[in-house]
2 protein chains.
Amino acid sequence: MTSEREASGKHDRILEGAMQEFLQRGYAGTSMDRVASTAGVSKATIYSHFGDKEGLFKALVQQFAQSKLGPIQRQQPLTGEPEQVLREFAQTLIDETGSDPDHLALVRLMIGESSRFPQLAQTFLRHFLKPGLEVISEYLKEQPQLQIDDPEATARVFVGGLIHYVMVDKIIEGGEVVPLRRDRIIEAAIALLLS
Amino acid sequence: MTSEREASGKHDRILEGAMQEFLQRGYAGTSMDRVASTAGVSKATIYSHFGDKEGLFKALVQQFAQSKLGPIQRQQPLTGEPEQVLREFAQTLIDETGSDPDHLALVRLMIGESSRFPQLAQTFLRHFLKPGLEVISEYLKEQPQLQIDDPEATARVFVGGLIHYVMVDKIIEGGEVVPLRRDRIIEAAIALLLS
DNA sequence: GTCTATACACTGATAGAC
DNA sequence: GTCTATCAGTGTATAGAC
């Protein structure tokens, strides 16, 4: 039916336009006028689809979290030599989260609004952080020669150290204040686990 | 002079009121009307002191960064047994940054606005992150028996892992999604450095 | 320096025509 | 379902009195 196709088209165009605006200007900084203009629809159409500004925002972030699987989430269980497995995992994590401008902007937004939209932060963690922690944690459990007492906590330090690097370097662009090349943090993190 | 004393009093009251509002509502979510009301002055007074909203915001964050020294920044160079030194450092970092609501709110704000106010993020890193990295980095350099090839990068993984824990648990309150007790992350981080 | 009063644009949201 | 037109309220910022 024509009405269904058109409705769905507008629905998605609104979400795309809203995404651009929210990622660039933040929640409070985004106006519904501008979202309407960017999406090429009238404000009334937005309100009929999403109720209000908060409804639009929540719909948008959930859609993002569900559409874009985390780079780690789609990974199979890890197998192979620890040094190579860990290096590839670390490189993938840093490169894929650090080179996607939309992802970086979403992290900024999610953290900035986490006190006003706590569910969004939780959705984000469930989709992006938790799967990566689990896959590394499982791998460490299967490597008794590494002598790791607490694989879950160790995975958290390992992944956390890498994510913190991306946050400082890419999300808040603090690379000038505490400069450090990508490969040095990767090798240091691996060395800690292997020694 | 009376005029000086009074001007200074209002100046500080405005900064304090603005701090409350910005930390709670974000930059765009804060209105100058509300700042004026919270500070107990008129809007015109704020504009005469700080020019515009952006000027007020910048003055505020710089004042915060300069007044509150990071818990690590005021520390002397570390000395003693590695296990005890590292444990105390980690506990201090997690407890002091994780239990100060203003500090947590400032991190949320700083990250959320980092693309629109990059200097604020840099100021923050210079005052809070860099000193901690340096003190740990220096300590690791003086412990050859730990066999750490790259003390700076290793310090970054160690500190980053701890800060990431605080960010997930306290800043975005994701403790339910990826629960982990404070002591487990501390012991896991220490074990990585000692093994 | 500080206030009151106000200018003037823009905000989120809706009514009513089609 | 979608639009145009519009509402009441609030936003930043300033003029002018004291």
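We name chains A, B, ... by the order of the sequence lines, and we start the count at 1 in each one. Scope of the values below: all heavy atoms of this structure, side chains included, with no hydrogens, waters or symmetry mates.
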| said: With a 4.0 Å cut-off on N to O distance, would you call Lys141(B) and Glu138(B) a salt bridge? | reply: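 Yes, this pair counts.
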| field | Phosphate OP1/OP2 of dG1(C): any Ser48(B) side-chain N/O under 4.0 Å | value |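 No.
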| Can you tell me if the side-chain N/O atoms of Thr45(A) get under 4.0 Å from OP1 or OP2 in dG1(D)? |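 No.
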Excluding sequence neighbours, so at least two apart, what forms side-chain contact (heavy atoms from CB on, under 4.5 Å) with [X]?
X	answer
Arg181(B)	none
Ser42(B)	Ala44(B), Thr45(B)
Glu187(B)	Arg87(B), Ile190(B)

| message | Need the bend value for the helix from dG1(C)-dC18(D) to dC18(C)-dG1(D): angle between end axes, 5 pairs each end, nearest 10°. | response |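 If I round to tens, the end axes sit 0° apart.
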| field | Sequence-distant partners of Gln145(A), side chain to side chain donor-acceptor pair (under 3.5 Å), two or more places apart | value |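 By the side chain to side chain donor-acceptor pair (under 3.5 Å) rule, Gln145(A) matches Gln143(A).
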| field | Heavy-atom protein contacts under 4.0 Å, nucleotides 4-18 of chain D, coded B base, S sugar-phosphate only, - none | value | B------SBBBB---
| task | Can you tell me the distance, in whole Å, between the CZ atom of Phe57(A) and the C1' atom of dG12(C)? | result |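 It works out to 16 Å between those atoms.
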| task | Let me know the distance between CD1 of Ile14(B) and C1' of dG1(C), rounded to the nearest Å. | result |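 Distance check: Ile14(B) CD1 to dG1(C) C1' gives 11 Å.
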Please list all pairs meeting salt bridge (Lys or Arg N to Asp or Glu O under 4.0 Å) that have one or both residues in [range], counting only residues at least two apart or in different chains.
range	result
residues 101-115 of chain A	Glu113(A)-Arg116(A)
residues 46-63 of chain A	Glu54(A)-Lys58(A)
residues 165-177 of chain B	none

| task | Please determine, for the side chain of His49(A), which listed nucleotide (dC3(D), dT2(D), dT2(C)) has the closest atom? | result |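 Ranking dC3(D), dT2(D), dT2(C) by closest atom to the His49(A) side chain puts dT2(D) first.
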